[in-house]
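Here the structure comes first, spelled out in C-alpha cells, and everything after it is commentary.
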Amino acid sequence: MAYIDAVRKQFETAVQETLDAGLNKDERFICSEQGVEIEVEYPRGSKRMKVLNFCANNYLGLSSHPEVVKAAHQGLDERGYGMSSVRFICGTQDVHNDLEKAAAKFLGKEDSILFASCFDANAAVFEVLFDENDVLINDRLIHASLIDGIRLCSAQRDSYKNADAGHLAKKLKMWQSRARNMCVVTDGVFSMDGILAPLDEICDVCDEYGAMLLVDDSHASGFIGKTGRGVHEHFGVMDRVDIITTTLGKALGGASGGLIAGPKAVVEMMRNRGRPYLFSNAVPPPIAFAALKVIELISQTTELRDKLEWNAKYFREKMEAAGFNLVPGETPIIPVMLGDAKLANDFAREMLMEGIYVIGFSHPVVPMGKARIRTQLSAGHDKEHIDKAVAAFIKVGKQLGVIS
Ligand SMILES: Cc1ncc(COP(=O)(O)O)c(C=O)c1O
C-alpha cells in the first residue's frame, strides 16, 4: 500500500474537523473582472449572480481601471508575456528599473527593489540584514509573511503588545545592551482589525533607544495619508521609518508584486543576497507597465483616496447607527464583529443572497472566538452601493439575531 493511503484517513479527519467547526474556507467563483460589480458562481456551475463586492483589497478601484489595463496591454505588446529568468540573469527590463525608482519616490525612500510578491519581500528582508547578534522586536499582530520572514532569520526575537508603544519601549530598554542592532517590525495597518500602528509614538521610542523601524504598509500604500503615501505620511514620520515593505497586489493595481523601499545600501544588499529575489522569476512586463501607470495616476491627484476616505466614513457611520459592533478605526477596513465562526459564515452566505459579496473570517486568520465579516471599502463604490450594502446588513443582522 502506498504510504499516502496509510495517512489519508488522518488528512480526511482533519478536513472533516475544519468543516464541523464551521472554519472551512468556502471559495466563490468570480466570472467577471475584479471590481465593485461582479458576477459570481456559487457553488461552481450554478447560475451566475450579479453582486456588489465589499471584500476586495481593491481600495482605489484600480484593478480593472481602463488606463491600468491599457498599460498592461502595452507591456504585453511591446515586451511580451514573461521574462523566463530571475532578475540578475536576464530578467531585468528597463521598466523594472523605472518602477523601482518611481515606487521609491512615491514612498519617500532612497531606493526600492521589486519582488514577485510582498510575501517574498518579507521572506527576504530579515535574513539578509540581521543575524544572531541582533534582535527583531515585532508587534504581536504582524502579518503572517513577516512572521515567516522573521522565522527564516537567525536574529533573536521578542514581541510587544499590539500597537502599544509603551510596551515596546520597555522591550527596547531591556534589549539595548544585549543586541548589536535592534529592529522594530510592524504592519502599518493591521489588516484584520483595520487599525493603524501609532508610528509617531513608535518612531519616538525607536529614536530614544536607537532602534531601526521596518513597516509593512501593504494595506496603506496608495491611500493612507493626505497624498496616499502610507501610514508614515499619516503620522508625519515619512523620513523616520527606515524600511517599508509593501504589495502591488492591493491598492496599487491589485495584480501582484512586492517592494522593499529604504536606504540604497539595504536595497543593494537585497539585490545581491535576497533569496526570493535571486531564486525566483522576475515580475512579468505587463504587471511592471501597469504598476508604473498606477503610481503615475495616484501621484497626479488624490481624488481616489479622497473618495475612499469619504466612503469608509459614510459606511462606518451607517453601520454604527444600525447597531453593529465594529472595530473602531479610520481605515477602509471595517470589521463587523460576530464572534462565532459559523455565524460569520452563515451571515456571509445570506449577504450573498442579498447581492452583497462579503466573507466570514475565522480561525486561524483571526483569533478563536473573534470571527467577523471584514468589509473593505473601495473608491469604486458609489453612495448607492454603500446604501444597498448597509440595507442588506440590517436585513440579515435582524434575521440572524445580531441586531434588534
Ligand atoms: C500586511 C501584508 N503583508 C504582506 C502581504 C502579502 O502580500 P502579497 O500578496 O504581495 O504576497 C499581505 C497580503 O495579504 C498583507 O496583508
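For ligands, and for the atoms within them, numbers begin at 1 and follow the listed sequence. No hydrogens, no waters, no symmetry mates; every other heavy atom, side chains included, goes into these values.
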Identity and separation of the nearest protein heavy atom to [atom]:
atom: atom 5 (C) of ligand 1; answer: His143 CE1, 3.4 Å
atom: atom 13 (C) of ligand 1; answer: Lys250 NZ, 2.8 Å
atom: atom 16 (O) of ligand 1; answer: His219 NE2, 2.8 Å
atom: atom 11 (O) of ligand 1; answer: Phe119 N, 3.0 Å
atom: atom 10 (O) of ligand 1; answer: Thr247 OG1, 2.6 Å
atom: atom 3 (N) of ligand 1; answer: Asp216 OD2, 2.6 Å

Quick check, are the ring centers of Phe393 and Phe347 under 6.0 angstrom apart? yes
Quick one: do [X] and [Y] make a salt bridge, cutoff under 4.0 Å?
X: Lys388; Y: Glu384; result: no
X: Asp94; Y: Arg79; result: yes
X: Asp200; Y: Arg240; result: no

Specify side chain, backbone, both or neither for Ser218, according to which of its non-hydrogen atoms lie closer than 4.0 Å to ligand 1. side chain
Would you say [X]'s side chain and [Y]'s backbone share a donor-acceptor pair under 3.5 angstrom?
X: Asp120; Y: Phe115; answer: no
X: Glu100; Y: Leu114; answer: yes
X: Asn345; Y: Lys342; answer: no

Measuring from non-hydrogen atoms of Ser145 to any atom of ligand 1, is the shortest distance under 4.0 Å? yes
Can you check which of Cys118, Ala220, Ala123, Ser256 brings a heavy atom nearest to atom 7 (O) of ligand 1? Cys118
